[in-house]
2 protein chains.
Amino acid sequence: MSHLGYGCLMTVDREQVLRTAAALLSRKATATMDEVARAAGIGRATLHRHFAGRDALVRALEALGIQEFEAALDAARLDDGTAEEALRRLVAGVEPVAGLLAFLVTENQLFEGDQMNEGWARLDARVAALFRRGQEQGEFRIDLTPAWLTEALYGLVGTCAWAVQDGRVAAKDFQYMIAELLLGGARRSVDR
Amino acid sequence: MSHLGYGCLMTVDREQVLRTAAALLSRKATATMDEVARAAGIGRATLHRHFAGRDALVRALEALGIQEFEAALDAARLDDGTAEEALRRLVAGVEPVAGLLAFLVTENQLFEGDQMNEGWARLDARVAALFRRGQEQGEFRIDLTPAWLTEALYGLVGTCAWAVQDGRVAAKDFQYMIAELLLGGARRSVDR
DNA sequence: CCCAAGTGAGACATCAGTGTCTCAATAGCG
DNA sequence: CGCTATTGAGACACTGATGTCTCACTTGGG
């Protein structure tokens, strides 16, 4: 059953552990392996059986985050319909990955090594391309660079994930708050 | 001269050290005391002379961040003029503190202890009050809660500070990018 | 010019976190 | 009902960061 990676009730749910770890580490990067294990509801020994060490854990977090974010990008079909529609689909699809994404964005130390950021750079380019498309089609303003809009999206997703975690924003408002702020801003326009 | 806290050229510039430390620690929370010292251009021993330990350093970071952010809030005169004007003044005044602010927002572990967050909660309330005023005066939309707008401001400031640090956003665009996105969003309105 | 203050570099003991191990207990499966 | 796989708890040594100390050097003031 171990070859399945899941299915056995007594077997640790690898993804669940990683999500919990991301939520904890993104808020307390100095958390102990023991704290991570406790947060995930498993023993330190078990955590070590699945991830050779702290580095391996972080790498796994990185890999899962990139993988899931890429899946969200695929599912959002960024080239279909208006850029606004695509962005809303992206925000919706990113919600389950928000914790992971917050960790990736925060833990900049991942990208100091060499270039595991290759994977990340590719995702970055896809998001930026969406904003560029919106600008070229006259849908988005051109005075905010695609690079900044991309970073802002990441920042807002992470911030909102934390706000939800701390109860400052209702979980059901996650998509709305991010998409509306990013698209329309705080100002009340006359045509809205 | 030590009673002045400054003035002696060979004396370490305490605030400069803290700013450097904030910039480093907000991007690599696991950085060593030695790394912090090197980044600040001083020896580890000297760093230890000024801050008893890592905890003391973080506390000092917290205190300075709160103090300077509060000063920025005062200087922005949040009750004067339109809410938009006040927000733009705040963003402008916050720019020099952006690194410190990014550290405070990211290092949530500060607020796990007891309630040094009292100081933070007060600042939080002031910012939220600005957004609430904007809403009550019909200037801001009411479907985005003041609490969320407050968090979003923090998130965007931190994100933009990092983007500038990494060269993805030009330093001169700091205020514009944040204020414009936060106020108007990415969408190109017909009345703009 | 000399002295006090401050600094950097390094040595050192200490300690918390890490990684590895063993062992008893438990859950699923035949 | 055993058997196997997996887990949690604990013991253990080890590594790296930490905090403290000394000492030589430099700077600025008297």
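Only this structure's heavy atoms are used, side chains among them; waters, hydrogens and symmetry mates stay out. Every chain is numbered from 1 and lettered A, B, ... according to where its sequence line falls, protein lines coming before strand lines.
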List in chain and number order the residues that pass side-chain hydrogen bond (donor to acceptor under 3.5 Å, both in side chains) with A:Arg133, two or more places apart in sequence or in another chain; answer none if no residue qualifies.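 So A:Arg133 forms a side-chain hydrogen bond (donor to acceptor under 3.5 Å, both in side chains) with A:Gln137.
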Could I get the full list of side-chain hydrogen bond (donor to acceptor under 3.5 Å, both in side chains) partners for B:Gln165, not counting sequence neighbours?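 Expected list: none.
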Pair listing, side chain to side chain donor-acceptor pair (under 3.5 Å) test, anchored in residues 90-101 of chain B, at least two apart: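 Residue pairs with at least one partner in residues 90-101 of chain B: B:Glu95-B:Gln175.
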Salt-bridge test for B:Arg19 and B:Glu68: reply yes if a basic N is under 4.0 Å from a carboxylate O, no otherwise.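 A salt bridge is present here (some side-chain N lies under 4.0 Å from a carboxylate O).
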Check ion pair B:Glu118-B:Arg122 (N to O, under 4.0 angstrom):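 Result for this pair is no, no salt bridge flagged.
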Dot-bracket for DNA chain D, please, read 5' to 3', with Watson-Crick or G-U wobble pairs under 3.5 Å on both distances, ( ) within the strand, [ ] crossing, | other strand, . unpaired. ||||||||||||||||||||||||||||||
With a 4.0 Å cutoff (strictly under), does any side-chain N or O of A:His50 reach OP1 or OP2 of D:dT7?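 Checking D:dT7 against A:His50, a side-chain N or O does come within under 4.0 Å of OP1 or OP2.
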Reading nucleotides 8-21 of chain C from 5' to 3' and marking B where a protein heavy atom lies under 4.0 Å of the base, S where only the sugar-phosphate is that close, and - otherwise, the string is BB-B-----SBBB-
Pair B:Val58, B:Glu107 - check side-chain contact (heavy atoms from CB on, under 4.5 Å), show working. CA-CA 9 Å; B:Val58 171; B:Glu107 289 304 289; 6.0 Å; no
By the salt bridge (Lys or Arg N to Asp or Glu O under 4.0 Å) test, which pairs, at least two apart or in different chains, include something from residues 159-170 of chain B?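 Matches after skipping sequence neighbours: A:Glu151-B:Arg168, B:Arg27-B:Asp166, B:Asp166-B:Arg168.
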In terms of relative ring orientation, are A:Tyr154 and A:Phe69 parallel, tilted or perpendicular, with 30° and 60° separating the classes?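 Perpendicular.
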